[in-house]
> 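Take this structure first; my questions come after.
Atoms considered below: every heavy atom in the structure, side chains included; atoms not considered: hydrogens, waters and symmetry mates. Order of listing sets the numbers, starting from 1, for every ligand and every atom in it.
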Amino acid sequence: MNRTSQRLSAIRPSATLAVDAKAKALKASGESVIGFGAGEPDFATPAHIVEAAQAACADPRNHRYSPAGGLPEMKAAIVAKTERDSGFECDPSQVLVTNGGKHAVYTAFAALCDPGDEVILPAPYWTTYPEAITLAGGVPTVIDTDVESGFKVTIDQLDAALTERTKVLLFVSPDNPSGSVYAPAEVRAIGEWAVENGVWVITDEIYEHLVFGANEFSSMPVEVPDLAEHCLIVNGVAKTYAMTGWRVGWMIGPADVVTAAASFQSHATSNVANVCQRAAIAALEGGLDDVATMRDAFRRRATTIHALLNDIDGVVCAEPQGAFYAFPDLRGLLGREYGGARAETTLELADIVLDQAKVAFVPGEAFGLPGYGRFSFALGDDDIAEGVSRLSDLVGGDDGRS
Ligand code: PMP
């Protein structure tokens, strides 16, 4: 008999966290590593949020169990925030507070998938989605996109992927890892396609406030109100308020599905830590000034990294439209040797670049799209310039190139 269940043995560890861990270990051993691996803002959580958490620690109300599905004040803050930010109107009974957006993703698939149900998953995809789908018994149907299509799926591709077993479409915009943002008309077309074909949508809105220039965030059930009965929204405070470590997210959906998910949560985790929920309430009620400052910094860095990466021969990078990731096409760098090591795949290239240039990025394999790489630009301008210049020196120099 296996010591570990088949279900858990089939899970691959998070590749993005693995790259980050390797880079941090190298750094700890004294190497000067530039890490493009991390998927988190490099800003501190705003002071008023931290102060709310400090006050919450001292309040005995927060020392006890609270409702498994979330504090009533937290649900009310989510309802108000959602209407303010995306225009989607809902009731507190439609909200489940989770341990981060990641837990909301996991719960959403657990709530919708029966064994064998197919989930359409556009690639490149965030590494957690296929694992969460598989754990729920679902089967990912992956649709490839590329740099030429701006990493966006088309209705024709959705039609081709549709079968009798299709239950859910996973949609995310702004996107991790590609940084692409679907225009409102594109969001509407995909939402209408889902309604026409009786497909549920899980829409991940965690990067809603990180949209640059003329690009615009839009929420699918707002664009297509008929979808609301078959749509789960995933969101959280991590990216908007620089709160990745606080672990607060949520899911919004039809009350029957949310009730089932809340029962599941009542056995799995109970309530999200009360102090963290109080901090999240302060974040949601505290306005959007801090995220505007972060967005300005990310927008500037997007322009910088886009230009620097495109300057490297063999690299083609689309300009990031949102989130904090650039996702260059690195296929032009493959099939060569660097310092005696051959890179046939981006997995190998990422290893070589980390070993030889001390620069960490996450290979496209982690996102279901080999040949590309994800460079988070949630790091300082000087580090971005230094990191890309090291990469350029390694792959663009004459040394070791064959
Ligand atoms: N969705 C996407 C697309 C993400 O990139 C992330 C974080 N990497 C999450 C959800 C989850 O964020 P968290 O669990 O930190 O709230």
> Touching ligand 1 at all, G236? Heavy atoms, strictly under 4.0 Å?
no

> What's the verdict on side-chain contact (heavy atoms from CB on, under 4.5 Å) for F377 and T304, showing C-alpha distance, side-chain angles and the deciding distance?
CA-CA 9 Å; F377 47 85; T304 306; over 6 Å; no

> Pick from V199, V201, T203: which one makes a side-chain contact (heavy atoms from CB on, under 4.5 Å) with L227?
V201

> So for atom CD, which belongs to Q6, do other residues, nucleotides or ligands contribute more than 12 heavy atoms lying within a distance under 6.0 Å?
no

> Got a sec, which residues hit ring-ring contact (aromatic ring centres under 6.0 Å, His included) with F88, two or more places apart in sequence or on another chain?
none

> At the 4.0 Å heavy-atom cut-off, does W250 count as touching ligand 1?
no

> So, regarding K102 and ligand 1 (criterion: nitrogen or oxygen to nitrogen or oxygen, under 3.5 Å), is there a contact or not?
yes

> Looking only at N/O atoms, are Y325 and ligand 1 under 3.5 Å apart anywhere?
no

> When you compare ligand 1 with V172, is there at least one nitrogen or oxygen pair between them that comes in under 3.5 angstrom?
no

> Looking only at distances, can you tell me whether any N or O atom of H103, backbone or side chain, sits closer than 3.5 Å to an N or O atom of ligand 1?
no

> Answer with yes or no whether I206 contacts ligand 1, where contact means a heavy atom under 4.0 Å from a ligand atom.
yes

> Just let me know how E40 lines up against ligand 1, side chain, backbone, both or neither, with a heavy-atom cut-off below 4.0 Å.
neither

> Taking both backbone and side-chain atoms of K239, is any N or O found less than 3.5 Å from an N or O belonging to ligand 1?
yes

> With a cut-off of 6.0 Å (strictly less than), are more than 12 heavy atoms of other residues, nucleotides or ligands near CG of D159?
yes

> Do you know which two heavy atoms are closest between F324 and K239, and how far apart they sit?
CZ-CD, 3.9 Å

